[in-house]
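Working notes, structure below.
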Amino acid sequence: MSEAEKIDYGTFEATVERSKKLEEDLIVNPHKYRVLTGDRPTGRLHIGHLFGSIQNRVRLNKLGVETFIVIADYQVLTDRDTFNSISENVKQLTIDYLSAGIDVEGGKTVIFPHSHIPELNQLLLPFLTLVTNAELDRNPTVKEEILASGQKRINAGMYTYPVHQAADILFCKGNVVPVGKDQLPHLELTRVIARRFNDRFAKKKPVFPEPQPLLSRAPLILGLDGSQKMSKSRNNAIMLSATEDETANLIKKAKTDSERFITYDPVNRPEVSNLLLLVSLCTGETPEKIASEIGNGGSGQLKKILSESLNEYLRPLRKKRSELESNMEYIRQVLKKGIEKAREVASATLEEVREVMNMNI
Ligand code: TRP
């Protein structure tokens, strides 16, 4: 294999730099780009998702960038046994997206689940021939997920899902993928697959773009225990669908420290600082200013302010959420429309792919 063909992860700093340039160009030239993003339907979203990634998507949406959102239902099967709630989770995730401000009515955003787009899934077959077992085996994110899932017998879907993810991105020729750091290896693999495909089958006229990562600038939101990432499975999250009372009760139980005077100091006081950061995301004031206003009021006052500002901030979203929840037929329609559009795009790509691979009859 030549040097040029190897998977080169580059440095993280270089990726950050490229991502900043991309961010600037997206504002000036939104029409040059097509965003592809996705989530696994493992449950409802919490405020960590909202502040970490969903609001970024809403912002790109508002710039007028076309966006495809894949709900990766097949991926759920790679690391867990349960599948009973997949369909319900797909619908609840869609409700979360819409209530957070993702706009499907403007015709620029498409939401669809994997399992309904056979033409997308078919791309997996030629793509699998473009990577080696050794390359799949080296993927650091997959290794971590295998550890975290506690699986003793690893299914082949686990090793190959990053190739499936390449199909998610390339089926619509997405050229921008908003991601967190953990997804960068998958995106690099996607770029390699696009390059190798074009190199092997479409030298004269490339079929696929090499998509670029757009790193989220959002701060990492810790859970209410203040020691790890917010996550439903770690029991430290506030769900978007929680009631105002539930929210206030969770915040009351949030971990703080024994120092009364409130200061913003993420290194030495992660728990208190995380709560201040959340107030700041709701009110737009800096965490330092909020801390100095509370001062001797202590963690009691900090929690009271957070409950009030978070509940106020989420009120319109939650109102929309409960309206949508009582209109499941609309949610089904949104998904049906998304599936229709995604299949149209995927069929056109598959047609091109068959053509260059000499498989049309
Ligand atoms: N692997 C992603 C996650 O676990 C979800 C995902 C599936 C995705 N397909 C994608 C993300 C394509 C970005 C692009 O969160």
Side-chain angles (χ1 to χ4, degrees), residues 15 19 22 33-46 48-50 52-54 56-57 60 65-80 86 89-90 93-94 96-97 102 109-117 120-121 123-124 127 136 139-149 151 155 157-194 208-216 218 220-221 229-233 237 338-339 342 345-346 349:
T15 309
S19 172
L22 173 61
Y33 297 100
R34 180 176 270 181
V35 168
L36 181 291
T37 69
D39 295 292
R40 299 180 190 203
T42 51
R44 299 175 181 207
L45 297 182
H46 52 67
H49 295 120
L50 179 72
S53 67
I54 305 300
N56 198 29
R57 295 184 196 170
L60 289 169
V65 185
E66 226 186 334
T67 306
F68 282 68
I69 303 179
V70 57
I71 302 184
D73 49 2
Y74 275 136
Q75 269 190 23
V76 176
L77 307 178
T78 62
D79 70 345
R80 51 193 86 201
I86 290 185
N89 287 349
V90 167
L93 190 56
T94 308
D96 281 332
Y97 290 149
I102 298 275
T109 304
V110 181
I111 305 175
F112 62 94
H114 254 163
S115 56
H116 287 255
I117 323 292
L120 179 162
N121 294 313
L123 291 177
L124 185 59
F127 286 1
L136 296 179
N139 187 307
T141 300
V142 170
K143 279 189 192 164
E144 269 168 36
E145 281 167 354
I146 289 174
L147 267 181
S149 76
Q151 282 175 327
N155 64 79
M158 178 56 122
Y159 287 107
T160 50
Y161 91 75
V163 185
H164 197 181
Q165 197 154 322
D168 294 345
I169 299 169
L170 296 176
F171 95 92
C172 66
K173 306 193 181 180
N175 53 6
V176 176
V177 187
V179 283
K181 207 174 166 182
D182 65 317
Q183 297 290 307
L184 286 174
H186 302 346
L187 199 63
E188 206 41 55
L189 182 76
T190 302
R191 291 165 60 83
V192 164
I193 289 175
F208 294 115
E210 282 184 42
Q212 291 181 265
L214 183 71
L215 285 166
S216 161
L220 176 70
I221 309 291
K229 194 173 137 177
M230 184 175 281
S231 142
K232 191 180 167 204
S233 60
I339 290 167
V345 173
T349 304

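First listed ligand is number 1; within each ligand, the first listed atom is number 1. Along the sequence shown, the residues carry numbers beginning at 1.
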Is any NZ, NE, NH1 or NH2 atom of the basic residue among D182 and K229 found under 4.0 Å from an Asp or Glu carboxylate oxygen of the other? no
Please round to the nearest 0.5 Å and tell me the distance separating atom CZ of R34 and atom OG1 of T67.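 The CZ atom of R34 sits 10.0 Å away from the OG1 atom of T67.
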If you measure from CG on N56 to CG on L50, what distance do you get to the nearest 0.5 Å?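 So the CG of N56 and the CG of L50 are separated by 11.5 Å.
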Looking at G38, G180, A167, the heavy atom closest to atom 5 (C) of ligand 1 belongs to G38
What are the two closest non-hydrogen atoms of P211 and L170, and how far apart are they?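 Minimum heavy-atom separation between P211 and L170: CD-CD2, 4.1 Å.
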Contact (N/O only, under 3.5 Å) between [X] and ligand 1:
X    : answer
Q183 : yes
Y161 : no
E145 : no
Q165 : yes

Let me see the working for E144 and K181 under salt bridge (charged side-chain N to carboxylate O under 4.0 Å, His left out), right down to the final yes or no. CA-CA 13 Å; E144 269 168 36; K181 207 174 166 182; over 6 Å; no
Counting each atom of ligand 1 from 1 as listed, which ones have a heavy atom of [X] under 4.0 Å away?
X   : value
R40 : 3 (C), 4 (O)
A72 : 7 (C)
L36 : 12 (C), 14 (C)

Strictly by modelled atom types, are N139 and H186 linked by a side-chain donor-acceptor pair under 3.5 Å?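 Side chains of N139 and H186: pair found under 3.5 Å.
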In terms of the angle between their ring planes, are H164 and Y74 parallel, tilted or perpendicular, with boundaries placed at 30° and 60°? tilted
If you have a sec, work out which protein heavy atom is nearest atom 9 (N) of ligand 1 and how many Å separate them, to one decimal? D168 OD2, 2.7 Å
For ligand 1, note which part of Q75 has a heavy atom under 4.0 Å away: side chain, backbone, both or neither.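 Looking at Q75 and ligand 1, just side chain atoms fall under 4.0 Å.
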